[in-house]
Amino acid sequence: MPNLLLELFCEEIPARMQRKAAGDLKSAVTKALEEAGLSFGEASDFWTPRRLTLHIQDVSSRREDTVEERKGPRTDAPEKAIAGFLRGAGLALVDDAEVRSDPKKGEFYVAVIRKEGQSATDVIASAVPDIVRNFPWPKSMRWGAASAKPGALRWVRPLQAISCVFGEETIAFEVGGIQSGDTTHGHRFHAPDAITVTDFASYEKSLRDAHVILDPEERKQIIRDQAFAVCKEHGVELVEDDRLLEEVSGLVEWPVVLMGEFEDDFLEIPDEVIRLTIKANQKCFVCRDPKSGALTNKFILTSNIAATDGGGEIARGNGKVVRARLSDALHFWNTDQADLPDLDELKASAEKFGLDLAKPLDQRMAKLDALGVTFHAKLGTQGERVSRIAALATELAPVVGADKTLAKRAAHLAKADLRTEIVGEFPEVQGAMGKTYAEMQGEDASVAIAIEDHYKPQGPSDAVPTDPIAIAVALADKLDTLTGFWAIDEKPTGSKDPYALRRAALGVIRIVVENGLRFSLGTVAKDPDLLSFFHDRLKVYLRDQGARHDLIDAVLNENDDDLLLIVRKVEALQTLLETDTGTNLLAGTKRAMNILAAEEKKARSAFGSEVEPSLFAGTAEGGLHAAIASADTQISGALEKEDYQAAFGALADLRAPVDAFFDGVMVNADNEAVRTNRLALLTSLRAVTRKLADLSKISG
């Protein structure tokens, strides 16, 4: 079967958009093939700064003819029912339907819908233009003389050519004035001439010969390998950065790694600031001394050209720009350590927060408050927010084992670096710079750590704070955000979450659970809807940890606000169900609950749990009754100690009595009193299991 090769060639695509765009193209084209009933093999996507490429192997050339039969109403059905059937089947007249008969149902209509197979060429020629016109770029543009016309093509950057080859055939179509063909282009400078596309292997080789590495993973590996080699040659060590490597690989088609340098004087700037300055402005990697670990004045840059002078001029040009940027950073660094010029105007704010205006970081916090910088129009200023965070951190301090005074001090300084020059230039270092400045002015080590760590975790791979002071401030910061936005009814909707409230809730959950904290959310998250939101985020967290969703639903009650205990319940239930005893117990108790549900539906009310032993007809009923009473006592005792492993262990003891009951007892006995008594026994079984979990919610 033939292979499909599709390339969309354009001006430089922003590096951050390339990977997703290539994936979107693959998803859209393969979906079109699937919907057309065409089979295909492996689909692979590639990208460079100037192209998105899709290669799909073994695409069926044509969809087979299909025949679908759609059963309709009886021939004597009302006219409206027959008319509706005809419309749904796409038939114009009732005579177009076949009449068939059934011994039981009589005669009825059947629509026989025949669909002629469609060629893959026609499917692709029809689908690709629609995909291009409706491509989901985050940002796009129009260009050229046709850009002002209604319906003009929008693309991330001007689209220049489309290559579409299917087997030995070039598929022809037009989109936005661009006619598809079988040509592409190599490197803009090294090999700009047209290249004829025939099949994927020759296409990839021709591009390589034209100084274009098509595979982004190969480009990344080339950059990595060359960087290590150049660093080794200069006696330094590369500071790896996977995100930067991803971005740089999207900026070049023919990577050539070079070494640049700057003056040693700039090394007095904090390492993180040097790294961010060079990364943000020049997309370069920094280097460190392999012995001391300190940054050196060397940096790694990636060129898109194999220069005739070996890249010397390119390295010098980059060094010149880096030196200019580091000069700015050095100025910011020195400015942040100097006194602000308007200290007299900051005295009121300093008094409000107990700040020492002899200290640079305290000055910046006072300035933040005095300026009245808005946090949110409905939630007040940053200064007001800091006051709320400090109050909440002080309240939480005893809960997490933190010193109240230090927690309050850390909260007061947590946002101070927002008014520093360096953070103003590089927002990415907020918190980290606050920690550095706090250490420089002699703050307690825990306070400095809290200033940096209170933003954590900022993602699933980010570590959670572990110092008690940092935990108190981090929880206070996130809980203030959540309760505040809930109070003004600014909640996440669908995929929209502009204030990152899902991330904040997940951060609270991770801090509590991963630090083993007993913390009642109900004291802060008093809104039931917010507590429900936490439950939803907890489910996401636990599922990511490998917990079954049905077990979470089984143990979770709407008023549960102790996250750690919920997690422990899930873990204990999962441990039980991983045993044969647990599996069999689940089957037996679910059988009991199904019987109860059916009988309660008939009676339109629940049965009581008062059991009369005198109505027992055999040992199985008495054995289950005694086992339930024993389990109830053990479970209650275990719950008082919050020992969920022991509680679920007591539940496991019910397995044999439950099995014996269903093996030897008919619940729906002819005697009404006996039947009701047995249902009451099952009701008591359900009641004792629900002290731990609603087992009816567990699948299987």
Side-chain angles (χ1 to χ4, degrees), residues 346 348-355 361-362 364-397 399 407-420 423-424 427-428 430-431 434 450-459 465 470-512 519-534 536-537 561:
L346 305 180
S349 293
E351 184 176 350
K352 182 194 305 184
F353 292 100
L355 302 171
L361 199 58
D362 291 55
R364 272 67 187 175
M365 179 57 221
K367 185 71 172 180
L368 182 68
D369 179 64
L371 287 174
V373 177
T374 300
F375 169 64
H376 186 281
K378 296 181 180 179
L379 295 174
T381 66
Q382 285 281 10
E384 291 169 335
R385 182 166 185 252
V386 167
S387 293
R388 295 195 302 268
I389 293 172
L392 186 51
T394 304
E395 180 183 339
L396 291 172
V399 178
K408 187 176 183 180
R409 174 65 174 168
H412 282 160
L413 295 179
K415 308 297 182 183
D417 66 355
L418 297 178
R419 289 301 307 164
T420 62
V423 172
E428 304 97 319
Q430 65 182 20
I451 293 172
E452 179 177 30
D453 285 1
H454 84 281
Y455 290 106
K456 297 179 179 181
Q458 298 196 58
I471 290 172
V473 181
L475 286 174
D477 179 53
K478 293 166 178 59
L479 289 169
D480 176 75
T481 298
L482 288 160
T483 56
F485 283 107
W486 241 254
I488 62 174
D489 200 28
E490 290 278 2
K491 307 169 187 176
T493 56
S495 61
K496 296 181 179 179
D497 187 11
Y499 303 109
L501 301 181
R502 292 187 180 97
R503 186 174 71 184
L506 189 56
V508 171
I509 290 167
R510 287 192 59 202
I511 291 170
V512 170
F519 173 60
S520 177
L521 280 176
T523 59
V524 179
K526 298 178 181 179
D527 186 321
D529 185 51
L530 178 53
L531 186 58
S532 175
F533 180 72
F534 269 108
D536 290 340
R537 292 297 92 197
D561 66 353

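The structure displayed is predicted, hence computed values, not measured ones.
- Within the 4.5 Å cutoff, the side chain of Arg510 has no heavy atoms near those of the Arg537 side chain.
- With contacts defined as side-chain heavy-atom distances shorter than 4.5 Å, the pair His376/Ile488 qualifies.
- Among Val473, Asp453, Leu475, the one residue that satisfies the side-chain contact (heavy atoms from CB on, under 4.5 Å) test with Pro465 is Asp453.
- Shown here are the side chain to side chain contact (heavy atoms under 4.5 Å, CB included) partners of Glu452, two or more places apart in sequence or in another chain: Ala432, Lys435.
- Once rounded to the nearest 0.5 Å, the distance linking CG of Leu361 with CD1 of Ile451 reads 5.5 Å.
- Separation of atoms CD1 (Ile509) and CZ (Phe534) is listed at 6.5 Å; rounding is to 0.5 Å.
- Proximity of Leu396 to Phe519: side-chain heavy atoms (C-beta onward) are separated by under 4.5 Å at one or more points.
- A 4.5 Å side-chain heavy-atom check between Phe353 and Asp362 finds every atom pair outside the cut-off.
- Residues satisfying the salt bridge (charged side-chain N to carboxylate O under 4.0 Å, His left out) criterion with Asp480, sequence neighbours excluded, are Arg385, Arg388.
- Across all their heavy atoms, Phe533 and Leu501 have their closest contact at CE2-O, 3.7 Å.
- For the pair Leu521 and Val512, the minimum side-chain heavy-atom distance is 4.5 Å or more.
- Within the 4.5 Å cutoff, the side chain of Lys378 has no heavy atoms near those of the Phe485 side chain.
- Nearest heavy-atom pair, Gly354 versus Arg409, reported as atom, atom and distance to 0.1 Å: O-NH1, 4.1 Å.
- Scored by the side chain to side chain contact (heavy atoms under 4.5 Å, CB included) test, Ala397 finds Ala402, Lys404, Ala407 as partners (sequence neighbours excluded).
- Not counting sequence neighbours, the partners of Asp529 by the side chain to side chain contact (heavy atoms under 4.5 Å, CB included) test are Trp486, Lys491, Asp527.
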Report task. Go through Met365 and Val386 one step at a time and tell me if the side chain to side chain contact (heavy atoms under 4.5 Å, CB included) criterion holds. Result -> CA-CA 9 Å; Met365 179 57 221; Val386 167; 3.9 Å; yes

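- Residue Lys408 places its NZ atom among 12 or fewer non-hydrogen atoms of other residues, nucleotides or ligands, all under 6.0 Å distant.
- Remark: the backbone N or O of Ala390 is paired with a side-chain donor or acceptor of Thr394 at under 3.5 angstrom.
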Requested in this report: Test side chain to side chain contact (heavy atoms under 4.5 Å, CB included) on Thr420 and Gln430 and set out the steps.
Outcome: CA-CA 9 Å; Thr420 62; Gln430 65 182 20; over 6 Å; no

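- At a threshold of 4.5 Å between non-hydrogen side-chain atoms, the residues Arg502 and Asp536 do not count as touching.
- A 4.5 Å side-chain heavy-atom check between Asp417 and Arg364 finds every atom pair outside the cut-off.
- When the shell of 6.0 Å around CD of Gln458 is examined, it contains more than 12 heavy atoms from other residues, nucleotides or ligands.
- The heavy-atom pair separating Asp561 from Ser520 by the smallest distance is OD2-OG, 2.7 Å.
- Distance check: Lys367 NZ to Leu346 CG gives 6.0 Å after rounding to the nearest 0.5 Å.
- Looking at every heavy atom in both residues, Asp497 comes nearest to Pro492 through OD1-CG, 3.6 Å.
- Closest of all the heavy-atom pairs between Ala370 and Ser349 is N-OG, 3.5 Å.
- Looking at Asp369 and Lys352, a side-chain N of the basic residue comes within less than 4.0 Å of a carboxylate O on the acidic one, giving a salt bridge.
- Across all their heavy atoms, Val508 and Lys478 have their closest contact at CG2-CB, 3.7 Å.
- Residues that satisfy the side chain to side chain contact (heavy atoms under 4.5 Å, CB included) test with Thr381, not counting sequence neighbours, are Glu384.
- Leu482 contributes atom CG, which lies 9.5 Å from atom CG of Asp477 (distance to the nearest 0.5 angstrom).
- Every residue two or more places apart in sequence or in another chain was checked for a ring-ring contact (aromatic ring centres under 6.0 Å, His included) with Tyr455, and none qualifies.
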